[in-house]
There are 2 protein chains.
Amino acid sequence: MTSAEILLSQNIRPSLARVLIYDYLRKHRTHPTVDEIFTALSPRAPTLSKTTVYNTVKLLSSKGVIKMITIEDQQSRFDACTDNHGHFLCSGCGKVYDFDVEFPSAKIPEGFEVLTKDIYFTGKCNKCN
Amino acid sequence: MTSAEILLSQNIRPSLARVLIYDYLRKHRTHPTVDEIFTALSPRAPTLSKTTVYNTVKLLSSKGVIKMITIEDQQSRFDACTDNHGHFLCSGCGKVYDFDVEFPSAKIPEGFEVLTKDIYFTGKCNKCN
DNA sequence: CTTTGTGCAAATTCTTTGCACCAAA
DNA sequence: TTTGGTGCAAAGAATTTGCACAAAG
């Protein structure tokens, strides 16, 4: 499926900027920040603004098309892969790695509704260790 | 154990401000933000500054005495309980609840060293549902 | 005395908002 | 021709930094 088709299927109008940003996230599984997305796409799309990147990632994550990663305190990262998997932040190089993990079924109190689940590990990656 | 004793055992000098802040976190398991800690303690400690709260939570979490919670994108929260447990953020009222959960053992690649683990759920609590 | 902690104000960084213009249905 | 998208500049909020003073060993 193309990025435009996926957006359409979620009732998101596939504007040029949205497809560009979503496409970038699908092809670059580096969990980029808004700034990294903006910097990467700027050369190809000189009129793109950081506001549009903010607008777009906010829209896409509210629709569940992408996932916001808050593993760091300073800035948010984004991931086009919404399947359940863990995120590992290396405190040495700052890279965020994916890892496979079985999401535990916790005994949440009666009346609570769980909508999102995240598993975050931090430590040192093989290059920084 | 008193808060001062715990701080001392981790080679942290138990200054008045540090004990006050750590004590507050131990007694209030509400996962407060820096601002909430500062506002709560200000009446009792009129000379306390927000900078000192920032300095202290940074120091204590770097030493592993408290845990930083980055479940929200806007601001960090802090928890004096460092035992493994999950955090649930209600998108309705903004409250962060603790819950029991067995932390899964993920197959992290060779050479990776895991130092911290966090499990974050979001959704609606029983009052907001 | 010498190191460490505190606190004010300013600076920095990330994110949001207001508003005008542009593009698409 | 009306709604929705984009982008600039300004505002806002959380956090950090520089520096001077205070306190503790």
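So you know, we letter chains A, B, ... as the sequences are listed, proteins then strands, and number each from 1. Computed from a predicted model, the values in this text were never measured in an experiment. Computed over heavy atoms, backbone and side chain alike; hydrogens, waters and symmetry mates excluded.
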B:Leu16 atom CG: more than 12 heavy-atom contacts under 6.0 Å: no
Residue pairs fulfilling salt bridge (Lys or Arg N to Asp or Glu O under 4.0 Å) with at least one residue in residues 42-71 of chain A, sequence neighbours excluded: A:Asp35-A:Lys50, A:Lys67-A:Asp118
Could you tell me how far apart A:Leu8 (CG) and C:dA25 (C1') are, to the nearest whole angstrom? 13 Å
What's the separation between atom NZ in B:Lys127 and atom NZ in B:Lys124, rounded to the nearest 0.5 Å? 14.5 Å
Considering only distance and modelled atom types, tabulate donor-acceptor pairs under 3.5 Å from the side chains of residues 88-109 of chain B, sequence neighbours left out.
{"unit_1": "B:Ser91", "atom_1": "OG", "unit_2": "B:Gly123", "atom_2": "O", "d": "3.2"}
{"unit_1": "B:Asp98", "atom_1": "OD1", "unit_2": "B:His31", "atom_2": "NE2", "d": "2.8"}
{"unit_1": "B:Asp98", "atom_1": "OD1", "unit_2": "B:His85", "atom_2": "NE2", "d": "3.0"}
{"unit_1": "B:Asp98", "atom_1": "OD1", "unit_2": "B:His87", "atom_2": "NE2", "d": "3.2"}

Quick one: is C:dT6 close enough that its OP1 or OP2 comes under 4.0 Å of any side-chain N or O from B:Ser15? yes
Using a distance-only test with no angle check, is there a side-chain donor-acceptor pair under 3.5 angstrom linking B:Thr122 and A:Thr116? yes
Can you give me the N/O atom pairs linking the protein to nucleotides 17-24 of chain C at distances under 3.5 Å, or say none if there are none?
none

Which residues pass the side chain to side chain donor-acceptor pair (under 3.5 Å) test with B:Ser49, not counting sequence neighbours? B:Thr52
Excluding B:Ile12, membership of its hydrophobic cluster (Ile, Leu, Val, Met, Phe, Trp, Tyr; side-chain heavy atoms within less than 4.5 Å) reads B:Met1, B:Ile6, B:Leu7, B:Val19, B:Leu20, B:Ile21, B:Tyr22, B:Tyr24, B:Leu25, B:Val34, B:Ile37, B:Phe38, B:Leu41, B:Leu48, B:Val53, B:Tyr54, B:Val57, B:Leu59, B:Leu60, B:Val65, B:Ile66, B:Met68, B:Phe78
Close residues, residues 16-26 of chain B, relative to DNA chain C [heavy-atom separation under 4.0 Å]: B:Ala17, B:Arg18
Terminal axis angle for the helix from C:dC1-D:dG25 to C:dA25-D:dT1, five pairs an end, nearest 10 degrees: 20°
Does B:Phe121 belong to the same Ile/Leu/Val/Met/Phe/Trp/Tyr cluster as B:Ile71, with side-chain heavy atoms less than 4.5 Å apart forming each link? no
Residue closer to the 5' end of DNA chain C, B:Leu59 versus A:Thr33 (nearest nucleotide): B:Leu59
Sorted by chain and number, sequence neighbours left out, side chain to side chain donor-acceptor pair (under 3.5 Å) with A:Arg13 holds for none
Look at B:Tyr54 and D:dT16 and indicate whether a side-chain polar atom (N or O) is within less than 4.0 Å of OP1 or OP2. no
Kindly work out whether a path of hydrophobic side-chain contacts (I/L/V/M/F/W/Y, heavy atoms less than 4.5 Å apart) joins A:Val114 to B:Ile119. yes
Residues that A:Asp23 engages under side chain to side chain donor-acceptor pair (under 3.5 Å), provided they are two or more places apart: A:Ser3, A:Lys27
Among residues 34-50 of chain A, which residues get a heavy atom nearer than 4.0 Å to DNA chain D? A:Thr47, A:Leu48, A:Ser49
Which residues within residues 62-82 of chain A lie with some heavy atom under 4.0 Å of an atom in DNA chain C? A:Gln74, A:Gln75, A:Ser76
Measuring from B:Gln75:CD to B:Thr33:OG1, what's the distance to the nearest 0.5 Å? 5.0 Å
Would you mind listing the cluster partners of B:Leu8? Hydrophobic ones only (ILVMFWY), side-chain contacts under 4.5 Å, chaining allowed. none
Residue pair A:Thr39 / A:Pro43: nearest heavy atoms and the distance that separates them: O-CD, 3.4 Å
Quick check: closest heavy atoms across B:Ser76 and B:Thr70, and the distance to 0.1 Å? OG-CG2, 4.5 Å
